[in-house]
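Letters A, B, ... mirror the listed sequences (proteins, then strands); counts begin at 1.
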2 protein chains.
Amino acid sequence: MGFTDKKLLSVLKKHGYKLTPQRRAVLKVLSSSQEHLTPADIFEKVQPEYPGIGLVTIYRLLQILTEFGLICEIHANDNSRRYLIRRQPEHHHHLICSSCGTVVDFTDCDLSGLGKRLSRETGFEIETHLLEFVGLCRSCQKEAT
Amino acid sequence: MGFTDKKLLSVLKKHGYKLTPQRRAVLKVLSSSQEHLTPADIFEKVQPEYPGIGLVTIYRLLQILTEFGLICEIHANDNSRRYLIRRQPEHHHHLICSSCGTVVDFTDCDLSGLGKRLSRETGFEIETHLLEFVGLCRSCQKEAT
DNA sequence: CACCTAAATGATAATTATTTTCAATTACAA
DNA sequence: TTGTAATTGAAAATAATTATCATTTAGGTG
Ligand SMILES: [Mn+2]
Ligand SMILES: [Mn+2]
Ligand SMILES: [Zn+2]
Ligand SMILES: [Zn+2]
């Protein structure tokens, strides 16, 4: 699975960030969720634990986590904008249901060959890649009958 | 190269859309540009040809072109949001410079094998995929010396 | 060539997501 | 316990995109 909130807290601490109750609450939500959540989703889920938390605080923590590569961003989902959240330690990509939005992680993408060829042909020094598959999950296929 | 404005106009006409001077001006810009432009970019470039055009009109035309698969969208470029524009007829993907934003098209991505496997393993019926490489273009590498 | 009408336009306001500002609070090192 | 820099959250600012709606117009019809 992903990281425990303890581990995430230790990352923050190691880099000199303070461990506030707000941050603890957000990390607890993130580490115990199996889903990819939007900032607004997180905001709601944190309410019981820390009512009155500011949405900004969530944005700020997400930014920090992103710096350390602890966040996934979902791009495809046309209409809804920049999506995010929750990780799996390893490099991975997403398979997204265009109907219900369900996201499935997958870890193997062998793109090194393609990357090298592009690098050779274009002179680019490739840093990363973004790969997403979009389709219909099983249950949405049934509904579409 | 891409489509001529004549060709694009004929697509619109075939589907019952009216050929207004605004649309002609926008299509002229799109078909004669080698770059991937944002709606705001297009807005500026259309000014000489049709001053006073509304930005909305551009959004609306882009939407129509998207329906017919005549538009590229750029996702990666973290900070700047949903990017778009200008195509190459064939299915293709993008190589994006993280420093200056230059976008290079490339047409071969053999992902059918991976797609099939994911489909088998997850039950998804895959519709499309999104693939982008991000790195430093040659000239930005030099500057980074 | 008029004339008619549905489609298109653009000014304006509304939405939505994210960021900035800033005064008040607080974590935590000393 | 104390001092201080980091953090927080209310509120306003940015920004991108979309909705409303009165006015204009492309293009088919007679
Ligand atoms: Mn993920
Ligand atoms: Mn392209
Ligand atoms: Zn689904
Ligand atoms: Zn560059």
Side-chain angles (χ1 to χ4, degrees), chain A residues 5-6 8-29 36-44 46-47 49-68 71 73-85 101, chain B residues 5-6 8-29 36-44 46-47 49-68 71 73-85 101:
Chain A
D5 53 346
K6 309 230 168 190
L8 294 170
L9 283 166
S10 79
V11 172
L12 288 193
K13 183 177 247 176
K14 183 179 10 166
H15 289 273
Y17 290 102
K18 291 182 177 174
L19 306 185
T20 65
Q22 290 94 330
R23 284 174 175 172
R24 289 172 194 278
V26 172
L27 292 179
K28 197 161 149 195
V29 164
H36 294 74
L37 308 168
T38 64
D41 289 338
I42 298 165
F43 181 70
E44 277 190 29
V46 175
Q47 289 306 321
E49 185 80 18
Y50 198 103
I53 192 175
L55 182 53
V56 232
T57 298
I58 291 164
Y59 274 102
R60 284 190 282 232
L61 181 53
L62 288 176
Q63 191 158 259
I64 293 170
L65 296 178
T66 298
E67 275 178 36
F68 300 123
I71 290 290
E73 297 201 13
I74 311 292
H75 291 77
N77 214 336
D78 316 306
N79 47 342
S80 53
R81 307 112 202 317
R82 194 179 172 200
Y83 252 44
L84 23 157
I85 285 311
Chain B
D5 53 346
K6 308 232 170 191
L8 294 170
L9 283 167
S10 78
V11 172
L12 288 193
K13 183 177 246 175
K14 184 181 5 171
H15 289 274
Y17 290 103
K18 291 183 179 176
L19 306 186
T20 66
Q22 290 95 330
R23 284 175 176 173
R24 287 173 195 278
V26 173
L27 292 179
K28 198 161 148 193
V29 165
H36 294 75
L37 308 167
T38 63
D41 290 336
I42 299 167
F43 182 69
E44 278 189 30
V46 175
Q47 290 304 321
E49 185 80 20
Y50 198 103
I53 192 175
L55 183 54
V56 232
T57 299
I58 291 164
Y59 273 103
R60 284 190 281 233
L61 181 53
L62 289 175
Q63 189 158 261
I64 293 169
L65 295 177
T66 299
E67 276 178 36
F68 300 123
I71 291 289
E73 296 199 15
I74 311 293
H75 291 76
N77 214 337
D78 317 307
N79 48 343
S80 52
R81 308 118 200 313
R82 193 180 170 200
Y83 253 43
L84 19 157
I85 285 314

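Residue Arg23(A) places none of its side-chain N or O atoms closer than 4.0 Å to OP1 or OP2 of dA27(C). The side chain of Thr20(B) contributes an N or O atom lying less than 4.0 Å from OP1 or OP2 of dT9(C).
The shortest side-chain heavy-atom distance between Thr57(A) and Thr20(A) does not fall under the 4.5 Å cut-off.
Between Arg23(A) and Lys18(A), the shortest heavy-atom distance links the atoms NH1-O, 2.9 Å.
If you measure from atom CG of Leu27(A) to atom P of dT7(D), you get 13 Å, rounded to the nearest angstrom. For Tyr59(A) and dT7(D), the OH to C1' distance is 19 Å, given to the nearest whole Å. In this structure, CG of Leu55(A) is placed 15 Å from C1' of dA12(D), rounded to the nearest angstrom. Atom CG of Asp41(A) is separated from atom P of dT18(C) by 11 Å (rounded to the nearest Å). Atom OH of Tyr17(A) is separated from atom C1' of dA27(C) by 15 Å (rounded to the nearest Å).
Among the candidates Gln22(B), Arg24(B), Lys28(B), the single residue satisfying the side-chain hydrogen bond (donor to acceptor under 3.5 Å, both in side chains) test with Glu49(B) is Lys28(B).
For Gln63(B), the CD atom counts as loosely surrounded, since its 6.0 Å shell holds 12 or fewer non-hydrogen atoms of other residues, nucleotides or ligands.
Along DNA chain D, the nucleotide nearest Ile64(A) and the nucleotide nearest Lys18(B) are compared for position; the residue whose nucleotide lies closer to the 5' end is Ile64(A). Judged by closest nucleotide on DNA chain D, Val56(B) is the one of Val56(B) and Gln22(B) placed further toward the 5' end.
Counting any heavy atom pair closer than 4.0 Å across all strands shown, Gly16(A) reaches no nucleic acid atom. Within 4.0 Å of Arg60(B), counting heavy atoms only, lies at least one base atom of the nucleic acid.
Looking at the side chain of Tyr50(A), the nearest of the listed nucleotides dG27(D), dG10(C), dG9(D) is dG9(D).
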